[in-house]
2 protein chains.
Amino acid sequence: MTEDPRPAGSPTLEDVARAAGVSRATVSRVVNGVRNVDPVIQESVRKAVAATGYTPNRAARSLVTRRTDAIALVVSGAGADPTAEGETGGGHRAGSAGAAHEPEEPDGGAGSSFTAQVFADPFFGRVVTGVVNYLRPRGMYPVLMFAETSRARDEVVAYLRQGSADGALVVSTHADDPLPALITDAGLPAVLYARPSRPTRISYVDLAHQDGARLAAEHLLARGCRRIATITGPLDVPAGQDRLAGFRDTMARAGQPYLPLAEGRFTQESGETAMARLLAEHPDLDGVFAANDLMAVGACHVLREHGRRVPEDVAVVGFDDSSAAVACRPPLTTVRQPVEEMAAEMARLLLDRLAGSDRAVTSVIFEPSLVVRGSA
Amino acid sequence: MTEDPRPAGSPTLEDVARAAGVSRATVSRVVNGVRNVDPVIQESVRKAVAATGYTPNRAARSLVTRRTDAIALVVSGAGADPTAEGETGGGHRAGSAGAAHEPEEPDGGAGSSFTAQVFADPFFGRVVTGVVNYLRPRGMYPVLMFAETSRARDEVVAYLRQGSADGALVVSTHADDPLPALITDAGLPAVLYARPSRPTRISYVDLAHQDGARLAAEHLLARGCRRIATITGPLDVPAGQDRLAGFRDTMARAGQPYLPLAEGRFTQESGETAMARLLAEHPDLDGVFAANDLMAVGACHVLREHGRRVPEDVAVVGFDDSSAAVACRPPLTTVRQPVEEMAAEMARLLLDRLAGSDRAVTSVIFEPSLVVRGSA
DNA sequence: TTGAAAGCGCTAACAT
DNA sequence: ATGTTAGCGCTTTCAA
């Protein structure tokens with residue numbers, strides 16, 4: 001009985017060290033790629049690692065390094081439907097028939113309207129894609145969280161404070177979302193998708209929405225449309241406001257100061273309702289700009305039901321260039337928002353910040369582009 | 001200089017203990033809700049916790065409990081497009097023009113076709129929703145991972161072995177996915193969405209696909225359709241096979257042994273292609289069963305383009321009851337797959353297993369139901 | 001270049 | 001019912 005032959009759980013540094021005949025410290029150095037280790041020893045350690053099937057224990061490592069290599073991806077306020085907000089007073093809600101919303105949901109099920117709605121918009125899938133694509137090569141993975149109630153927000157902050165993740169990527173399309181402030185007040189690193197409505201000392205990526213709307217307006221105008229209307233996004237959201245402002249501005253400059261509009265909520269259904277109203281009030285319109293693709297799709301449906309051909313009778317331009325744009329018949333001419341690239345940049349900003357190389361607050365604004373397809 | 005006045009980082013158990021005038025152990029008990037603590041002391045500890053702003057450190061806790069309270073949600077093989085598979089030989093790939101796929105992608109961007117495709121199908125959003133809804137009330141959050149290459153699979157296994165997550169929820173729609181076996185071989189807890197194609201000692205949830213297809217067939221038949229065709233899913237995937245088998249079987253029993261079919265890949269585009277072919281070969285068909293909603297939507301588009309009215313000339317039934325079904329014009333009659341409920345059940349099975357109460361391999365099969373809307 | 005040793009913050013025996 | 005103590009597995013000074 002010289003030494004215990006079989007370690008209990010999975011192999012530890014200690015086991016590898018013993019197998020390689022070196023100290024724990026040396027194994028640690030090799031595993032972490034620290035220089036100043038004799039190549040010969042390096043090799044034997046590597047062999048021992050392979051032989052023992054060693055995997056570093058994350059908790060132990062985190063405990064000392066104070067890093068988890070995990071980051072939280074928080075969806076805070078639905079892009080598709082900002083009505084899923086609980087108690088936190090604040091933003092005016094543009095008239096909309098949001099489903100009743102109770103924070104406490106029974107298990108599983110189609111329960112929470114918020115989480116369900118979130119992925120109904122192709123937008124979030126694209127954000128996830130961009131984030132994952134950036135993180136994955138770096139051995140990191142996002143923890144998915146939702147923060148639509150104040151309770152959920154507290155949980156997100158607690159989660160970060162516990163050191164369960166090193167920082168947060170926050171997609172917050174709701175106007176008066178208190179989460180960004182909560183996070184920064186707690187001194188936690190975070191980066192936002194979209195400019196915060198209240199100025200906050202926090203980095204973010206965003207799109208030049210106004211430029212995008214201008215592109216749409218110019219295209220419709222160049223096409224010869226003269227009776228143009230717009231379906232706006234929710235006007236309590238910066239993206240909704242900016243897209244309208246940019247569109248209206250360009251139209252005004254082009255000599256059409258009066259712009260019929262109907263407010264939507266970035267959902268297909270709201271686009272249908274808005275289009276129906278617009279059509280009832282302005283049966284002669286020949287062009288529509290919808291502030292996102294989902295609403296544009298809804299508009300196309302309604303137009304066809306009312307006997308209008310797209311684009312012959314009415315030209316339709318969307319916004320986002322989401323999967324809905326190509327799925328539509330005719331495929332949508334739309335303003336491209338490079339969501340995946342923006343999401344990746346958001347991740348990059350956070351990682352830079354975590355690496356300490358960049359403590360400054362930065363914002364990166366992306367330029368939209370027009371994608372011409374069949375609808376206009 | 002009686003005692004150091006200001007602890008360095010965030011407060012620890014020690015700090016709280018000092019503030020409350022008790023030992024670390026007692027604070028730990030209060031924090032973890034262990035009974036046998038004097039209510040009076042409990043109260044003073046709680047006060048001290050609040051006063052210090054204490055948050056338990058997850059890494060330290062994990063190190064001793066050997067649990068992380070994190071679970072991995074792994075997407076392994078795209079439901080929408082199983083072609084995004086790298087090197088792992090095995091499954092026959094039904095003829096399809098998959099994009100070239102290189103595991104190593106440049107940063108961010110629309111890069112990885114796999115991750116991008118995954119969320120193009122509303123299915124995955126529903127899985128996430130169901131999982132999150134179950135986990136959240138339990139203070140847990142899913143870590144999102146993709147495993148479409150053997151390298152990515154190894155990373156998933158390594159991640160779990162490191163103890164970064166307590167177990168995995170695997171959504172694997174690709175036929176010969178080696179991941180389930182890799183995970184169980186490593187002795188790691190996991191639960192699958194959909195039966196593994198190779199029998200594996202692993203719990204899973206699934207749908208009675210054949211019953212669903214039967215529902216679709218019966219509805220079409222009852223409607224009076226007599227020249228019925230089907231757009232199948234990829235036939236190297238159990239769900240694709242089973243839906244076809246169930247449909248064909250019911251049709252045969254009803255006296256229609258010959259069933260025109262075209263294989264799709266669960267994407268809208270493949271549904272369009274399939275429908276066009278079916279229509280060319282059988283211009284007189286009056287009913288179509290598509291093995292998922294996305295393909296049904298594509299079929300509707302093509303039918304309309306060919307001058308067929310839905311449902312008057314051709315009735316269309318989809319499968320899944322995804323958001324695409326209600327977004328479609330006319331809205332799709334479809335077979336409902338309760339994805340959210342199934343995903344929640346999957347999470348429940350995993351948590352039960354982790355709690356040790358249930359070490360047995362279980363499978364839970366859900367029953368589909370018919371949702372009648374406008375298309376059939 | 002390598003090893004020894006301290007300690008990250010917590011939980012869980014064990015002792016009281 | 002509460003306190004004492006021993007680690008969990010790792011990184012990282014500090015010495016050698």
Side-chain angles (χ1 to χ4, degrees), chain A residues 4 7-46 48-49 52-70 158-164 166, chain B residues 4 7-46 48-49 52-70 158-164 166:
Chain A
D4 32 35
S10 57
T12 72
L13 265 194
E14 183 72 51
D15 300 322
V16 180
R18 196 179 310 138
V22 296
S23 72
R24 290 206 309 268
T26 300
V27 179
S28 175
R29 289 182 186 114
V30 173
V31 169
N32 292 301
V34 178
R35 54 187 193 297
N36 292 346
V37 179
D38 187 310
V40 180
I41 295 197
Q42 248 180 71
E43 199 37 43
S44 69
V45 168
R46 259 182 246 295
V49 166
T52 53
Y54 170 75
T55 316
N57 177 308
R58 264 257 226 170
R61 180 178 282 177
S62 283
L63 186 54
V64 37
T65 60
R66 319 201 133 265
R67 299 232 6 207
T68 60
D69 282 349
Y159 191 84
L160 292 168
R161 293 222 313 141
Q162 285 182 117
S164 301
D166 297 329
Chain B
D4 32 36
S10 58
T12 70
L13 264 194
E14 184 72 50
D15 300 320
V16 180
R18 197 179 309 138
V22 296
S23 72
R24 290 205 311 268
T26 301
V27 178
S28 174
R29 288 180 187 114
V30 173
V31 169
N32 292 300
V34 177
R35 54 186 194 298
N36 292 347
V37 178
D38 187 311
V40 179
I41 295 196
Q42 248 180 72
E43 199 37 43
S44 68
V45 168
R46 259 183 246 296
V49 166
T52 52
Y54 170 76
T55 316
N57 177 307
R58 254 290 203 148
R61 180 178 281 178
S62 282
L63 186 54
V64 38
T65 61
R66 322 201 129 264
R67 298 237 359 211
T68 60
D69 282 350
Y159 191 84
L160 293 167
R161 292 222 314 141
Q162 284 181 117
S164 300
D166 298 329

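Note that these values count all heavy atoms, side chains included, but never hydrogens, waters or copies made by symmetry. All chains are named by letter (A, B, ...) in the order of the sequence lines, taking the proteins before the strands, and each is independently numbered beginning at 1.
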Student: Search all heavy atoms of A:Ala70 against all heavy atoms of A:Ser164 and return the closest pair with its distance.
Tutor: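 Shortest heavy-atom contact: CB-O, 3.7 Å.
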Student: Rounded to whole Å, how long is the line connecting atom CZ of B:Arg35 with atom C1' of C:dT11?
Tutor: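 Whole-Å distance recorded here is 15 Å.
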Student: Roughly how bent is the helix from C:dT1-D:dA16 to C:dT16-D:dA1 end to end, in steps of 10 degrees, with each end axis from five pairs?
Tutor: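 For the helix from C:dT1-D:dA16 to C:dT16-D:dA1, the axes at either end differ by 30°.
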Student: Could you tell me which non-hydrogen atom of A:Leu63 sits nearest to which non-hydrogen atom of B:Ala60, and how far apart they are?
Tutor: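 Between these two residues, the closest heavy atoms are CD1-CB, 3.5 Å.
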Student: How do A:Val31 and B:Gly21 order along DNA chain D: which one's closest nucleotide is nearer the 5' end?
Tutor: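 The residue whose closest nucleotide sits nearer the 5' end is B:Gly21.
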Student: Which heavy atom of B:Arg161 sits nearest a heavy atom of A:Gly53, and at what distance?
Tutor: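 Heavy atoms of B:Arg161 and A:Gly53 come nearest at NH2-O, 2.8 Å.
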Student: Side chain of B:Ala60, heavy atoms from C-beta onward: which of D:dC10, C:dG3, C:dC10 has the nearest atom to it?
Tutor: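 For B:Ala60, the side-chain atoms sit closest to C:dC10.
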Student: Rounded to the nearest angstrom, tell me the gap between atom CD1 in A:Ile41 and atom C1' in C:dT2.
Tutor: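 Taking atom C1' of C:dT2 as the reference, CD1 of A:Ile41 is at 7 Å.
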Student: Rounding to a whole Å, what distance do you find between A:Glu14:CD and D:dG9:P?
Tutor: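 In whole Å, D:dG9 P lies 10 Å from A:Glu14 CD.
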Student: Which heavy atom in B:Ser10 sits nearest to a heavy atom in B:Asp15, and how many Å separate them?
Tutor: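 Taking B:Ser10 first and B:Asp15 second, the nearest heavy atoms are O-OD2, 4.3 Å.
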Student: How long is the straight-line distance from OG1 of A:Thr26 back to CG of A:Asn36, given to the nearest 0.5 Å?
Tutor: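 The distance works out to 11.5 Å.
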Student: In terms of side-chain heavy atoms of B:Thr12, which of C:dC10, D:dC10, C:dT2 is nearest?
Tutor: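 Closest of the options to the side chain of B:Thr12: C:dC10.
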Student: Collect all protein-nucleotide pairs involving nucleotides 12-16 of chain C in which both atoms are nitrogen or oxygen and the distance is under 3.5 Å.
Tutor:
| unit_1 | atom_1 | unit_2 | atom_2 | d |
| --- | --- | --- | --- | --- |
| C:dA13 | N6 | B:Arg29 | NH2 | 3.4 |

Student: Whole angstrom is fine here: how far is it from CG in B:Asp15 over to P in C:dC8?
Tutor: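 These atoms are roughly 11 Å apart.
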Student: Determine, step by step, whether A:Val22 and A:Arg29 satisfy the side-chain contact (heavy atoms from CB on, under 4.5 Å) criterion, reporting the C-alpha distance in whole Å, the side-chain angles of both residues, the deciding distance to 0.1 Å, and the verdict.
Tutor: CA-CA 11 Å; A:Val22 296; A:Arg29 289 182 186 114; over 6 Å; no
Student: What is the distance from CZ of A:Arg67 to C1' of D:dG9, rounded to the nearest Å?
Tutor: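 Answer to the nearest Å: 19 Å.
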Student: Look at A:Thr26 and C:dT2 and indicate whether a side-chain polar atom (N or O) is within less than 4.0 Å of OP1 or OP2.
Tutor: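 Result: no.
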Student: Quick one: A:Asn57 CG to D:dG9 P, roughly how many Å, whole number?
Tutor: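 From A:Asn57 CG to D:dG9 P: 7 Å.
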Student: Distance check needed: C:dC8 P versus B:Arg61 CZ, whole Å only.
Tutor: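 For the pair B:Arg61 CZ and C:dC8 P, the rounded distance is 18 Å.
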Student: Please give, in whole Å, the distance from C:dG3 C1' to A:Leu13 CG?
Tutor: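 Going from A:Leu13 (CG) to C:dG3 (C1'), I get 14 Å.
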Student: From A:Thr68 OG1 over to A:Gln162 CD, what is the distance, rounded to the nearest 0.5 angstrom?
Tutor: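 The OG1 atom of A:Thr68 sits 11.5 Å away from the CD atom of A:Gln162.
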Student: If we only count heavy atoms from C-beta on, is the A:Arg58 to A:Asp69 side-chain gap below 4.5 Å?
Tutor: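 They are in side-chain contact.
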Student: Using a cut-off of strictly less than 4.0 Å, decide whether B:Asn36 has a side-chain nitrogen or oxygen near OP1 or OP2 of D:dA1.
Tutor: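 Yes.
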Student: Phosphate oxygens OP1/OP2 of D:dT2: is one of them under 4.0 Å from a side-chain N or O of B:Ser23?
Tutor: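 No, because none of the side-chain N or O atoms of B:Ser23 sits under 4.0 Å from OP1 or OP2 of D:dT2.
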Student: Might you point out which heavy atoms bring A:Ile41 and A:Ser44 nearest each other, and give the distance in Å?
Tutor: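 In this case the closest contact between A:Ile41 and A:Ser44 is O-OG, 2.9 Å.
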Student: With sequence neighbours left out, write down each residue that passes ring pair (Phe, Tyr, Trp, His ring centres under 6.0 Å) with B:Tyr54, or none if nothing qualifies.
Tutor: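 In terms of ring pair (Phe, Tyr, Trp, His ring centres under 6.0 Å), with neighbours along the sequence ignored, B:Tyr54 is linked to no residue.
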Student: Among C:dG9, C:dT2, D:dT2, find the nucleotide with the atom closest to the side chain of A:Arg66.
Tutor: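 Closest nucleotide among those given: C:dG9.
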